[in-house]
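Residue numbers start from 1 in every chain, and the chains themselves are labelled A, B, ... in the order their sequence lines are given, proteins ahead of strands.
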Protein chains: 2
Amino acid sequence: MKEVTTRDQIVAVADQMFYQQGYENTSFADIANAIGISRGNFYYHFKTKDDILEAVIDRRLQDRKDMVAQWDADEESPEIRICKFIDILIVNGEKIKKFGCPIGTLSSELAKLNHPNQDGANALFGLFQAWLRCQFVALGREDDADYLAAHLLARSQGVAMLANAFQDDEFIRREVEQMHGWVAAQAALPGRGATGNC
Amino acid sequence: MKEVTTRDQIVAVADQMFYQQGYENTSFADIANAIGISRGNFYYHFKTKDDILEAVIDRRLQDRKDMVAQWDADEESPEIRICKFIDILIVNGEKIKKFGCPIGTLSSELAKLNHPNQDGANALFGLFQAWLRCQFVALGREDDADYLAAHLLARSQGVAMLANAFQDDEFIRREVEQMHGWVAAQAALPGRGATGNC
DNA sequence: GTCTATATAAGGATAGAC
DNA sequence: GTCTATCCTTATATAGAC
């Protein structure tokens, strides 16, 4: 039976608010009010705002690691696993329309702030890039697995960006369909067949 | 002979700083110092920070309108014109690696701030969407011109996002090459032939 | 049109009582 | 571990002299 500590609450609420309002635009007061603790209490758990960001990034990393691990465990083929990744755009469609991709928008914001934790945020991209890479290798595309992974990452980022700007469900649906087709085409190319783990 | 007014300077510097540092993260003091005027002087030209943002968006809109008008005037075929759009990723590659796409990052930031001028920022996307749409119509793809335009917009946004996160020139180059190929493939599809203006 | 104050508010951070 | 009170800095914005 797992106890919910104040620290956990802070990180969970900060995670959500950094996503919905942006890191800089979220104040200690915002987070404190949402939980129902005082601002002062904050500094018992975290020395600085940057420390909270670090904890939020760690949390997101763990979340995403768990997610892809689940896909690895549940889904039979790399093709289906890659499609699971693509389907995030549908599954999280409402949030993405409102706030964009949590990874992309954080990375972008920290880049503009020239924030010391930019690398941490980009590690989130790195996690998906590496995982997708594995799937393409398993699909028999070891020669250009890196590029294919980055390509798919970029496409989904682009769709998230336009979903946020245009609020267009039909566009999202159509792009997801297109990407599914693209994955199938990659799988059908010569060189296929490797199925080993990564 | 065109006089450079203080107002023009403010808008020009704000445009650059909003791009490089973000809108919220840029203060009046930042802009004032860069130009060499006092903070107080600011309010003679603009009542609020939001007013400056509006002027910056107008400026960007005019810039981009001029740019596509130049392409319309200079380039012979819609295919080449579309490639001009794609090539922004190369031409502005260094800036994009450092700060992302000026349109996408602004749209994304304003969405998180729930800023009243979100529509203005998205009008920048709209401008390119409409222009690209025209090019695809001219390419004979009137049936899905809207989608093709959004698709290409999304792809270039995705590349800009990853360029900013990963700083990878080779990836940008490869994606641009891919998109060029894609445009050529669209042009070669049946239904081609219309060349009228939009 | 530009400047020098100055008002006012908000945010990050600290000290110390409980 | 949580609270209140307070400090310090920065930011938007205003008033009024030049």
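Contacts with DNA chain C (heavy atom under 4.0 Å) in residues 47-59 of chain B: none are found. Across residues 107-116 of chain B, not one residue has a non-hydrogen atom less than 4.0 Å from an atom of DNA chain C.
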All N/O contacts under 3.5 Å from nucleotides 3-5 of chain D to the protein, with atom names and distances to one decimal?
unit_1 : atom_1 : unit_2  : atom_2 : d
D:dC3  : OP2    : A:Ser38 : N      : 2.8
D:dC3  : OP2    : A:Ser38 : OG     : 3.1
D:dC3  : OP2    : A:Asn41 : ND2    : 3.4

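Minimum heavy-atom separation, B:Ile96 to B:Ala163: CG2-CB, 4.1 Å. Closest of all the heavy-atom pairs between B:Val13 and B:Ala34 is CG1-CB, 3.8 Å.
For B:Ser27, whose side chain is taken as the heavy atoms from C-beta onward, the closest listed nucleotide among C:dT2, D:dA11, D:dA13 is D:dA11.
When the C1' atom of C:dT2 is taken as reference, atom CZ of B:Phe46 falls 15 Å away, rounded to whole Å. Whole-Å rounding puts the B:Tyr44 OH to D:dA17 C1' distance at 16 Å. Atom-to-atom, CZ of A:Phe28 to P of D:dT2 comes out at 16 Å; the value is rounded to the nearest Å. As a whole-Å value, the separation of B:Phe42 CZ from C:dA5 C1' is 18 Å. Atom pair A:Asn25:CG and C:dG12:P shows a separation of 10 Å (rounding to whole Å applied). One can place CG of B:Asn33 at 10 Å from P of D:dA11, the figure rounded to the nearest angstrom. We find that NE2 of B:His45 is positioned 16 Å from C1' of D:dA13, with the value rounded to whole Å. Taking atom CD1 of residue B:Ile35 and atom C1' of nucleotide C:dT2, one finds them 13 Å apart after rounding to whole Å.
The ring of B:Phe136 has its center no closer than 6.0 angstrom to the ring center of B:Tyr147. Within the 6.0 Å centre-distance limit, the rings of A:Tyr23 and A:His115 are counted as a close aromatic pair. For B:Phe125 and B:Trp131, the ring centers sit 6.0 Å or farther from each other. Between B:Phe128 and B:Phe85, the ring center distance clears the sub-6.0 Å criterion.
The residue B:Tyr43 sits close to a base: some heavy atom pair falls under 4.0 Å. Backbone-only contact: A:Thr26 has heavy atoms under 4.0 Å from sugar-phosphate atoms and none from a base.
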Margin query: Between B:Arg173 and B:Glu170, does the salt bridge (Lys or Arg N to Asp or Glu O under 4.0 Å) criterion hold? Intermediate values first, please.
Written below: CA-CA 5 Å; B:Arg173 199 198 54 68; B:Glu170 174 60 13; 2.8 Å; yes
Next item on the list: Show your reasoning for whether side chain to side chain contact (heavy atoms under 4.5 Å, CB included) applies to A:Asp144 and B:Arg174.
Entry: CA-CA 12 Å; A:Asp144 47 2; B:Arg174 207 159 163 180; 3.7 Å; yes
Next item on the list: Report the C-alpha distance between A:Lys112 and A:Glu109 in whole Å, list the side-chain angles of each, state the deciding distance to 0.1 Å, and finish with yes or no for salt bridge (Lys or Arg N to Asp or Glu O under 4.0 Å).
Entry: CA-CA 5 Å; A:Lys112 288 217 195 286; A:Glu109 180 178 3; over 6 Å; no
